[in-house]
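The chains referred to below are lettered A, B, ... by the order of the sequence lines, with proteins before strands, and numbering in each begins at 1.
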Amino acid sequence: MPRVICVAEKNSIAKAVAGILSGGRSSRRDSPSKYIKNYDFTFDFPFSGPSNVTMTSVAGHLTGLDLDQAHGWGKCPIPQVFDAPIVDIRTKDQEKMASNIKRECRNADFLMIWTDCDREGEYIGWEIVQTAVQANRALRENVFRASFSHLESRHIAQAARNPNRLDQRAVDAVRTRMEVDLRSGVAFTRFLTELLGSKIERDSGSKPNQRPIISYGTCQFPTLGFVVDRFERIRKFVPEKFWYLVLSISIGSDKTTFQWERGHLFDRLAVAVIYETCIESSRNMAKVAYVKSKPTSKYRPYPLTTVELQKNCSRYFKMSAKVSLEAAEKLYQKGYISYPRTETDSYPQAMDLRALVQQQTSESRWGTYAQNQLSGMGPNQFQWPRAGKNDDKAHPPIHPIISAGAGLDNENEKKVYEYVTRHFLACCSEDAKGHSTTMTLQWGPEFFSANGIVVLEKNFLEVYPYMKWDSTKQLPNLNVGQDVELSSYLMKDGQTSPPNQMTESELILLMDANGIGTDATIAEHIEKIQQRDYIKKKKMNKQTYLIPTTLGVSLVHGFEAIGLEDSFAKPFLRRQMEVDLKMICDGNKNRAEVVNDLISKYQDYYGLTSSRKNKLIETYTDIKSVM
DNA sequence: GCAAGGTC
């Protein structure tokens, strides 16, 4: 029988796919790498007929990128970094993975790539092909690619029966990204470190003998930029005074306050004139202009993505993005939750979500809730989750797989498991239902309104305590057209207040919205710029904020002073690269063209930065004296 | 000693 080698991006996928295609009858062998197992079975592929199959995997990338030896740090003038030769290298772990691929492929007839169906997965697929061909040249003509977006059995079987080819454009796009990140990162990191490394004073807590690295990275700088931006907005904030009108009526001991529909105005005289007009025409009497009453809902959350998990664990449990992702990874390795790195916020139709809810019925804290959801009785029955707009075509939303019961002893893992599970049950619930009433008074020519909410059914909120929705005080029972006596009518003043310093949860949101980093790397970038001493965590009244250091502020302003056309500290450059990568994927540009464009841009920027490097030093000295 | 992206 022909021999077919299948290679997935990680062992969990290899294991699951082998289980499905073999009908549960595969046999497992160890590999030279402790992360990787080989699964043997037989299967009838359309390209090979009945075959002996080995399903194996890598663990992420199989190769890395670096400059060649002659262009190491200090061995060449920095500008050569922009056109030095690039070599593929492997770490020890990658060497072990590669030797497994080579050994399995030596006597194979076909190779089928089962990496994740995203851009990075396509590139890893290409790395696997390169490695396989080193051991068996004949394989080159017999490479197929499985297209799948989740691990439901029928879907996987269909992927096996409908092989595709690797998408070379996606491979080219990733290679472009790697090359640009490497050359720009290395060049500016060496430059900045040599320029400023000996001049900056490091804050206490850093190792004194270690020369600091002042790095540039296409993701590090925009991340820093967000933090500095907020810091400056607060520093430069000038409060502005405003004035507004507010009414209240009292019926018995019940007081209701009505807010001015104009909000507030920044002109004291204008507000005073309106105020007097109202008093002259209506004194202390107002009329009920209208009462609007309508059913209202509080929507259950969307299915859980990595970014949402990190944001909410930061907000609700004060866990850093890195710590929450690590806890989620542990839970995934132990089989409690699904793969934690996903951008997908809708569930594939074929998934058996009821079975997953069923798993939770034995839990002490939310078991009864889950039972009621599946009981067929009562108001809050199982609902298919809302569908968001994002799909990474590789992983479903994060969800619990089995009940953890008392099986967890790590505090962070407990918290993250509970959050993931409550979020999942909330997704499969009814929206909360309520009734909202808005009453509007007319006083003179002006309108004022008050809002009241009655929560009728909490539904998902019963299992999701993180979100609050409470009934407010009931509005008085008044009819449209009725005259009412005001218990007070006041002109008040206030002033605008600055925003708060950046929280990690806000920073994650900004990075995600601007395409800085990915679900898997956002936490690392935030961590990295702390290591580099660009920002620091600071606790202020129970909140942890991210504050830039002198060095962080200086880098952002220093590059502003140099005046690059696209600021390093803004997300624009990175976004532009994404646009170019998309064009490579769509066949509208080729790799060489994009690499050339971007690298020559960075070369220009390097020239400019280098000729105005004094501005970087001056900026640092200036800022140090004022911060 | 440098990047960002996978994964463990």
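A/Gly185 comes within 4.0 angstrom of sugar-phosphate atoms only, judged by non-hydrogen atoms across all strands, and of no base. Using a 4.0 Å heavy-atom distance criterion, A/Leu65 is classed as a base contact. If you check every strand for non-hydrogen atoms under 4.0 Å, A/Tyr123 touches nothing. Nucleic acid contact class of A/Ser184 (heavy atoms, under 4.0 Å, all strands): none. A/Gln94 comes within 4.0 angstrom of a nucleotide base, judged by non-hydrogen atoms across all strands.
Ion pairing between A/Arg183 and A/Asp83 fails under the 4.0 Å rule for side-chain N and carboxylate O. Using a cutoff of 4.0 Å between basic side-chain nitrogens and carboxylate oxygens, A/Asp512 and A/Lys311 are not scored as salt-bridged. Ion pairing of A/Lys582 with A/Asp586 is present here, as a side-chain N (NZ or NE/NH1/NH2) and a carboxylate O approach within less than 4.0 Å.
Remark: A/Asp181 engages A/Arg177, A/Arg574 in a salt bridge (Lys or Arg N to Asp or Glu O under 4.0 Å) (not counting sequence neighbours).
Note on A/His71: every side-chain N or O is 4.0 Å or more away from OP1 and OP2 of B/dC2. Phosphate contact (OP1/OP2 of B/dT7, side-chain N/O of A/Arg341, threshold under 4.0 Å): present. Taking only side-chain nitrogens and oxygens, A/Tyr332 never comes nearer than 4.0 Å to OP1 or OP2 of B/dT7.
Regarding A/Lys10, its NZ atom lies at a distance of 8 Å from the C1' atom of B/dT7, rounded to whole Å.
Nearest heavy atoms, A/Gln94 versus A/Leu62: CB-O, 3.5 Å.
Of the candidates B/dC8, B/dT7, B/dA4, B/dA4 carries the atom nearest the A/Asp181 side chain, counting heavy atoms from C-beta on. Candidate nucleotides B/dT7, B/dC2, B/dA4 were compared by shortest atom distance to the side chain of A/Asp116, and B/dT7 ranks first. Counting only heavy atoms from C-beta on, A/Thr521 has its side chain closest to B/dG6 among B/dC2, B/dG6, B/dC8. Nearest nucleotide to the side chain of A/Asp66, out of B/dA4, B/dC2, B/dG6: B/dC2. For A/Thr518, the listed nucleotide lying nearest its side chain is B/dG6; candidates were B/dG6, B/dC8, B/dA3. Set against B/dG6, B/dA4, B/dC2, the side chain of A/Arg532 has B/dC2 as its closest nucleotide. Closest to the side chain of A/Glu524, from the set B/dT7, B/dA3, B/dG6, is B/dT7. Among the nucleotides B/dT7, B/dA3, B/dG6, the one closest to the side chain of A/Ala59 is B/dT7. Here B/dT7 is the nucleotide among B/dG5, B/dT7, B/dC2 with the atom lying nearest to any side-chain atom of A/Glu9.
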